Amino acid sequence: MNERKRQVLLTAQRIFIEKGFASTSVQDILDESGISKGTFYNYFTSKNECLMAILDHGWDEAEVRRRELLIGQDRTDKTVLAKQIIVRMQVNHEKNLLPIFESIFHSNDPELRAFVKKMLLVEFTWLADRIVDIYGKEAEPYAADCAVLLIGMLHQMLRLRSRHAEKELDVEALVQYVIRRIDSIVPDMIQSKDALLENGIFFELGAPLKEQAISKEELLEKLSGFLALLGDDGQPVNKQYVQFLLDELRSENPRIFVLESVVQSFRKAFVGTSHAPEAHELANDVWHQIDALRKDDTSM
């Protein structure tokens, strides 16, 4: 994504929040961004697609941070799961996405409502997978139920506390509290074999099976282009991270644990720089390649 397109997204997001999505026209975005209608429609096919791109960016940010929290950690550690759950809320707050979600919730736009529904289903799918990580394969038939229960409890507690609590809510304590409730529920479900939702229910309801990742060759091309973009102006250590990723991915047997460590350092090295958005996008692409490598390892 080029810098100009990003600025249009930031401008559109500000206007959506100030005026409300329904009250904002494409012309409002054009006037504030200083771009032509042709340029806008070159970036987005509609105002809806512009808003969805804003939400997608926040989604990707949270996904990368969640992955980084697992580097070198035990996947069964409930403390790590709590931190991963909190990351989604932190990103929504940092990027001021809650007013946008609220406006979609109250809208009658079927396209936007379907988009947010799909995001929620992907979140359920992620959480169900993590529940299996935590509680083991015997919890798999009940993971979908537990994912919905956990998110439902969390959202209702957040809504109640935000409206009626006199003191600031301790989100970390709340997430850990809800996970403790799931601790009590899972063994009972396993013992009683009591499940309401079937495995695969989220996919049946419309969750995508897997996000389409770019190919390894495309990723190598993007990393090479980014390295060329940095030129002589980039910090030597930042360029070294890019070069290391290129070398490791080109090797016959890329090392997953090394890639995980380096891609995190790579992303953080560009935070606060003009190249931060491109670095974040590339980090997300590298993580998808790591997923593919890990899948190949387990299938051998």
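Keep in mind it's a predicted model, so treat the numbers as computed, not measured. Quick note: numbers below take in every heavy atom, side chains included, and nothing from hydrogens, waters or symmetry partners.
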Quiz prompt | Note, F203 side chain near L121 side chain (heavy atom, < 4.5 Å) | solution = no
Exercise. State yes or no: do V237 and L282 share one hydrophobic cluster built from I, L, V, M, F, W and Y residues joined by side-chain heavy-atom distances below 4.5 Å, directly or via other members?
Key: yes
Exercise. Apply side chain to side chain contact (heavy atoms under 4.5 Å, CB included) to N96 and R14, showing your working.
Key: CA-CA 9 Å; N96 205 14; R14 175 176 56 79; over 6 Å; no
Exercise. Indicate whether the side chain of Q289 and that of D285 have a donor and an acceptor atom separated by less than 3.5 Å.
Key: no
Exercise. Check whether V91 and I100 end up in the same hydrophobic cluster, where Ile, Leu, Val, Met, Phe, Trp and Tyr are linked by side-chain heavy atoms less than 4.5 Å apart.
Key: no
Quiz item: Less than 4.5 Å apart, any side-chain heavy atom of V8 and any of I35?
Solution: yes
Practice problem: Determine yes or no for a side-chain-to-main-chain donor-acceptor pair under 3.5 angstrom, with N92 supplying the side chain and L97 the backbone. | Solution: no
Quiz item: When you measure from the centre of the six-membered ring of Y177, is the NZ or CZ of R181 under 6.0 Å away and within 45° of the axis?
Solution: yes
Practice problem: Would you mind reporting whether L127 and L81 have side-chain heavy atoms less than 4.5 Å apart? | Solution: yes
Quiz prompt | Closest approach of M189 to C146 (non-hydrogen atoms, all atoms of both residues) | solution = SD-SG, 3.7 Å
Practice problem: Taking the side chain as every heavy atom from C-beta outward, state whether F244 and D247 have any pair of such atoms under 4.5 Å apart. | Solution: no
Quiz item: Under 6.0 Å from the NZ atom of K216, do we count more than 12 heavy atoms belonging to anything else shown?
Solution: yes
Practice problem: Take atom CD of E221 as the centre, draw a 6.0 Å sphere, and report whether it contains more than 12 heavy atoms from other residues, nucleotides or ligands. | Solution: no
Exercise. Find the distance between CD1 (I151) and CG (L158) and round it off to the nearest 0.5 Å.
Key: 11.5 Å
Quiz item: Can you find a pair of side-chain heavy atoms, one from L30 and one from S36, that are under 4.5 Å apart?
Solution: no
Practice problem: Would you mind reporting whether L55 and I104 have side-chain heavy atoms less than 4.5 Å apart? | Solution: yes
Quiz item: Which atoms form the tightest heavy-atom contact between K193 and Y142, and what is the distance?
Solution: CA-OH, 3.3 Å
Quiz item: Does the side chain of S46 come under 3.5 Å of the side chain of N48 through a donor N or O and an acceptor N or O?
Solution: no
Quiz item: Same cluster for L98 and L154 if Ile/Leu/Val/Met/Phe/Trp/Tyr side chains link at under 4.5 Å?
Solution: no
Practice problem: Might you work through the side chain to side chain contact (heavy atoms under 4.5 Å, CB included) test for I54 and K95, ending with a clear yes or no? | Solution: CA-CA 9 Å; I54 292 169; K95 297 189 175 298; over 6 Å; no
Quiz prompt | Donor-acceptor under 3.5 Å (E281 side chain, P277 main chain) | solution = no
Quiz item: Where do I131 and A147 come nearest, in terms of heavy atoms and distance?
Solution: CD1-N, 3.5 Å
Exercise. Please name all residues satisfying side chain to side chain donor-acceptor pair (under 3.5 Å) with Q73, sequence neighbours left out, ordered by chain then number.
Key: none
Practice problem: Decide side chain to side chain contact (heavy atoms under 4.5 Å, CB included) for M153 and I182; before the verdict, give the C-alpha distance in whole Å, the side-chain angles of both, and the deciding distance to 0.1 Å. | Solution: CA-CA 10 Å; M153 285 190 285; I182 297 298; 3.7 Å; yes
Self-check item: Option among E63, E61, E123 that satisfies the side-chain hydrogen bond (donor to acceptor under 3.5 Å, both in side chains) test with R88
Solution: E123
Quiz prompt | Any residue meeting side chain to side chain donor-acceptor pair (under 3.5 Å) with T273, in chain and number order, not counting sequence neighbours | solution = none
Quiz item: Can you check whether K78 reaches I134 side chain to side chain, under 4.5 Å on heavy atoms?
Solution: yes
Quiz item: Which atom pair, heavy atoms only, marks the closest approach of A128 to F202?
Solution: CB-CE1, 4.2 Å
Quiz item: For E18, does the CD atom sit with more than 12 other heavy atoms under 6.0 Å from it, leaving out its own atoms?
Solution: yes
Pairs under 3.5 angstrom only: tabulate donor-acceptor contacts from the side chains of residues 253-270 to other protein residues two or more places apart or in another chain.
unit_1 : atom_1 : unit_2 : atom_2 : d
R255   : NE     : E248   : OE2    : 2.9
R255   : NH2    : E248   : OE1    : 2.8
E260   : OE2    : R294   : NH2    : 2.4
S265   : OG     : S261   : O      : 3.3
R267   : NE     : E68    : OE2    : 2.8
R267   : NH2    : E68    : OE1    : 2.9

Quiz item: In this structure, which one of V64, D291, L219 forms a side-chain contact (heavy atoms from CB on, under 4.5 Å) with V286?
Solution: L219
Quiz prompt | Point-to-point distance, once rounded to the nearest 0.5 Å, from CG of N238 to CG of L227 | solution = 11.0 Å
Practice problem: Measure across F44 and C50 and return the closest heavy-atom pair with its distance rounded to 0.1 Å. | Solution: CD2-CA, 3.8 Å
Quiz item: Any luck finding a side-chain donor-acceptor pair between D183 and Y135 under 3.5 Å?
Solution: yes
Quiz item: What is the minimum heavy-atom distance between V148 and L197, and which atoms define it?
Solution: CG2-CD1, 3.9 Å
Self-check item: Over 12 foreign heavy atoms within 6.0 Å of NZ, K222
Solution: yes
Quiz item: How many angstroms lie between CZ in F16 and CG in L51, if you round to the nearest 0.5 Å?
Solution: 5.0 Å
Quiz item: Does a sphere of radius 6.0 Å around NZ in K37 hold more than 12 heavy atoms from other residues, nucleotides or ligands, not counting ones at 6.0 Å or beyond?
Solution: no
Practice problem: Quick one: pull up NZ in K117 and CG in L112 and give me the separation to the nearest 0.5 Å. | Solution: 14.5 Å
Practice problem: Could you tell me whether K118 and E111 have a side-chain N and a carboxylate O separated by less than 4.0 Å? | Solution: no
Self-check item: Pair D28, S25: side-chain N/O donor-acceptor within cut-off below 3.5 Å
Solution: yes
Practice problem: Could you grab the distance from atom CD1 of I86 to atom CZ of R66, nearest 0.5 Å is fine? | Solution: 10.5 Å
Quiz item: Do the side chains of K47 and M52 get nearer than 4.5 Å, heavy atoms only?
Solution: no
Self-check item: Sub-6.0 Å ring centroid separation between F105 and F101
Solution: no
Quiz item: I201, W126: one ILVMFWY side-chain cluster at the under-4.5 Å cut-off?
Solution: yes
Quiz item: Shared ILVMFWY cluster between M157 and V175, side chains joined below 4.5 angstrom?
Solution: yes
Quiz item: Can R4 and Y43 be said to form a side chain to side chain contact (heavy atoms under 4.5 Å, CB included), step by step?
Solution: CA-CA 10 Å; R4 193 178 188 190; Y43 293 154; 3.5 Å; yes
Quiz item: Hey, what do you get for OG (S103) to CD1 (I17), rounding to the nearest 0.5 Å?
Solution: 9.0 Å
